[in-house]
Protein chains: 2
Amino acid sequence: MRMTARPENLHQSRLLHLLRDEGPRSRAELGEMVRLSRSKLALELDRLVELGLVEPAGLAASRGGRRSAVVRLSPRLRFVAFDIGATSIDVAVTNGRLEVLGHVSEPCDVRLGAPAVLERALELLGKLRDDGLLPQVHGAGIGVPGPVSFREGIPVAPPIMPGWDRFPVREAIGRELGCPVLVDNDVNIMALGELHGGMARSVDDFLLVKIGTGIGCGIVVGGGIYRGVSGGAGDIGHIRVDDDGPLCACGNTGCLEAYFGGAALARDALAVARAGHSALLAERLAATGDVTAADVAAAAAAGDPAAVRLIREGGHRVGQVLAGLVSFFNPGLVIIAGGVARLGHALLAEVRSVVYRRSPPLATGNLPIVLSELGDTAGVVGATRLISDHVFSPA
Amino acid sequence: MRMTARPENLHQSRLLHLLRDEGPRSRAELGEMVRLSRSKLALELDRLVELGLVEPAGLAASRGGRRSAVVRLSPRLRFVAFDIGATSIDVAVTNGRLEVLGHVSEPCDVRLGAPAVLERALELLGKLRDDGLLPQVHGAGIGVPGPVSFREGIPVAPPIMPGWDRFPVREAIGRELGCPVLVDNDVNIMALGELHGGMARSVDDFLLVKIGTGIGCGIVVGGGIYRGVSGGAGDIGHIRVDDDGPLCACGNTGCLEAYFGGAALARDALAVARAGHSALLAERLAATGDVTAADVAAAAAAGDPAAVRLIREGGHRVGQVLAGLVSFFNPGLVIIAGGVARLGHALLAEVRSVVYRRSPPLATGNLPIVLSELGDTAGVVGATRLISDHVFSPA
DNA sequence: CGGACTTTCCCCACTCACAGAACAAAGCCG
DNA sequence: CGGCTTTGTTCTGTGAGTGGGGAAAGTCCG
């Protein structure tokens, strides 16, 4: 029993990627797409069948001649995704085509430390395994809410993950599952998710801004994640908006996150509730003794003017930072994602307004700014995309 | 007589790049570097000699055996660089190794329009040609002070270049010189210059910030220029620093360029001179009726406190924007270049201070911020690097 | 000065990847 | 049923590239 089969050359790799992204195809169609002679193609496909990665899937309807033999990725292929958030864990299992077969999610504080959180993640995977979803795991992708040394597969100097610094995440999970594992920043894997199944499918250079507990940005250059020289690229939460803004946890003042991170939004909402400017928020305060970012979202969705106003102000700040990034990076698309983004057409309108006003026409002329449509699945799909790109490439 | 010889395959391309960047080498050394068998290597080198791109250069000293036959790029190879600035033209001719053989520079207002400026550039090239430097031109690189559609070789919507919008620069110069021509933003070619011969030689991801008439940024990702989806990447001059800053030519307020572009610096210097806060600047005002950015530079170099203060304030603004870009991009190096940068250790100190304070430790932990050492040659060397990368690649 | 050793260059045969032709199989249409 | 089309399979030719075996041209040492 081979541990994990990998393609032997670039042709096989391209075939796997095609079967993953385009679905089952006839040999003739595949030959067309990879520009290989039929003979060579048959050779490589036979090898892939031998490796257990591909299998025949019957005959297609005739198109005027002999019926073509369709091939597909082996339906027994499985990829696993762990999306570790600041306050939650998502675990999912997909087939070779990255279609989600099972997905569980539960609240979990990342501050419990790496061993405890990873063990809980594996327990959640165990649940899915009991459903019979896991004949064989071919790879696992992991997203964590902080900077990562991608090459080593370990978090480095993560601000909100005490007890994770340089913890060998890849090695630990790899030992447990016995398959290739890759670890990346959670925002990066969300960007990969959008690249695979979201609005960014045909966009080479784009940004994904995630607004949640923290604020981060996934950067895609030429169809691949850009991570910077030390894995810290996209850390936009502490970009300065103003000198005389609120004090941030990082020690500076006026950081974007201090204006509009999850904690900042809760802080402002609390002030609004106490001042009596919002009936809905005051009600929440009375009921639970606290007001959260989710409460603001709910209140805004219900049309509460003060809540909408909080979101618009935050959107304004995000837009100011994003306008600078758009000027600098000239992306082909900007996607807003994360908890706060879930509801926000008010947010989106404000962000758009500021970016379209403050960035050069050349950069905004053909720039869609949209909300993510993928929600929670962006992260897990991106994680499996990350690992499948790796497993489907020659060793 | 072939027009312009190009390598026929990737092996030949790699050999040319090696001979360009590493200098003349023996066949044995080249074989080592490109991992080719001696037989194949001899074949490809012979083809390059036939194409006139490479020629034998005698025998090296023996290292204990038969003396090795050294090959080098043909010394008759010539690349031409046109670096069109906002207020100047630089024209240079290099050999195949991008060593500058002749370089002329003269003031010229880009606002004279494309035909006039390009004609003047060709006249300057004529001067160099008269010196016998141009047996045959193998390619020309052009830098212009504005956004460029790199694929088409034309400026697009340039703010400071009236009469250049969509002017077919590449076609015009190509027709005149009868060789391949590439056109790019002037900041991008400066970045390429630093990549080739400056401090960025071994850095894959870095930023070059040019502070001159305008403020722009060259972005290098993975050893190549990143241009964005519409060629507008790096346009950081209009990133917002503050809401209540000076009015900018772009119509917004508080743009970086409105704080510290060439015009802004002259404006502030004039105010200082009129207010009598600087003896040196007041003297210049009296003598010439005006004060320029160059006057501030000279005064600061002479130790004038008010001039130094102007530069430090500007550096502070640049640092604030740069801190954001460093957080976002996590580069391995930042180079400050351009007219204002020429003198500025005060400037550099201020930029560093702000960036190191405001960007995350992970991004600044190992981040040199330096002044360009190449000066005017960065642009012309970068332009020839641009075109030689093209000419030295298979058609 | 001559022989042992080294390094480089050149020629040749062998391997390998791949394309393309030829052939076989399996369908459509009239 | 026979021509036509599409697909899959087998076979052979071709060009790229490797590696071995001299030959050439040095150095070093006795």
Side-chain angles (χ1 to χ4, degrees), chain A residues 6-19 22-51 53-74 392-395, chain B residues 5-19 22-51 53-73 392-395:
Chain A
R6 297 275 290 275
E8 297 161 332
N9 57 43
L10 273 174
H11 294 308
Q12 294 179 14
S13 171
R14 291 186 59 193
L15 288 168
L16 290 173
H17 277 91
L18 272 174
L19 289 173
E22 310 288 333
R25 286 295 138 110
S26 75
R27 298 166 100 91
E29 285 172 306
L30 287 172
E32 193 91 346
M33 297 194 229
V34 297
R35 314 285 308 153
L36 271 182
S37 66
R38 287 178 300 188
S39 44
K40 181 64 178 164
L41 178 78
L43 216 70
E44 300 297 356
L45 280 177
D46 290 347
R47 281 298 297 147
L48 286 173
V49 171
E50 278 180 55
L51 290 171
L53 292 170
V54 158
E55 64 172 41
L59 301 176
S62 166
R63 297 202 326 244
R66 176 173 170 174
R67 296 171 62 188
S68 36
V70 175
V71 294
R72 66 176 174 205
L73 288 180
S74 165
F392 284 173
S393 297
Chain B
R6 297 276 289 276
E8 298 159 333
N9 56 43
L10 272 174
H11 294 307
Q12 294 180 13
S13 173
R14 291 187 58 194
L15 288 168
L16 290 173
H17 277 90
L18 273 173
L19 290 172
E22 311 287 333
R25 284 296 139 109
S26 74
R27 299 167 97 91
E29 285 173 305
L30 288 173
E32 193 91 347
M33 296 195 224
V34 297
R35 312 288 308 156
L36 270 182
S37 67
R38 290 165 310 199
S39 41
K40 182 61 181 165
L41 177 77
L43 216 69
E44 300 298 355
L45 280 177
D46 289 349
R47 280 299 294 147
L48 286 173
V49 171
E50 276 181 55
L51 291 172
L53 292 170
V54 158
E55 64 172 41
L59 301 176
S62 166
R63 296 201 326 244
R66 175 172 170 176
R67 297 171 62 189
S68 37
V70 175
V71 294
R72 65 177 174 204
L73 288 181
F392 284 173
S393 297

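Just so you know, these numbers use all the heavy atoms, side chains as well, and skip hydrogens, waters and symmetry mates. Proteins get letters first, then strands, A, B, ... in listed order; numbering begins at 1 in each.
Around CD of A/E8, the count of heavy atoms belonging to other residues, nucleotides or ligands within 6.0 Å exceeds 12. For B/E55, the CD atom sits in a packed shell: over 12 heavy atoms of surrounding residues, nucleotides or ligands are nearer than 6.0 Å.
Distance CD (A/E44) to P (D/dT9): 14 Å, rounded to an integer number of Å. We find that CG of A/L43 is positioned 11 Å from P of C/dA19, with the value rounded to whole Å. Atom pair A/N9:CG and C/dA17:P shows a separation of 9 Å (rounding to whole Å applied). Atom CG of B/L36 is separated from atom C1' of D/dG19 by 13 Å (rounded to the nearest Å). In this structure, A/E32 atom CD and D/dT6 atom C1' are separated by 12 Å, rounded to whole Å. Between the CG atom of B/L30 and the P atom of C/dT7 there is a distance of 18 Å, rounded to whole Å. Between B/K40 atom NZ and C/dC12 atom P the separation is 17 Å, expressed in whole Å. What separates CG of A/L41 from C1' of C/dG20 is a distance of 15 Å, to the nearest Å.
Using a 4.0 Å cut-off, no side-chain N or O of A/H11 falls inside it from OP1 or OP2 of C/dA17.
A/R27 comes within contact range of the sugar-phosphate backbone alone, with a heavy-atom separation under 4.0 Å but no base atom that close.
Put simply, CD on A/Q12 and CZ on A/R6 are 12.0 Å apart, with the number rounded to the nearest 0.5 Å.
Comparing A/S37 and A/R67 along DNA chain C, the residue whose closest nucleotide (by nearest heavy atom) sits nearer the 5' end is A/S37.
Annotation for B/L19 and B/P24: closest pair CD2-CA, 4.3 Å, computed over non-hydrogen atoms.
Not a single donor-acceptor contact under 3.5 angstrom links the side-chain atoms of B/S39 to the base of D/dG17.
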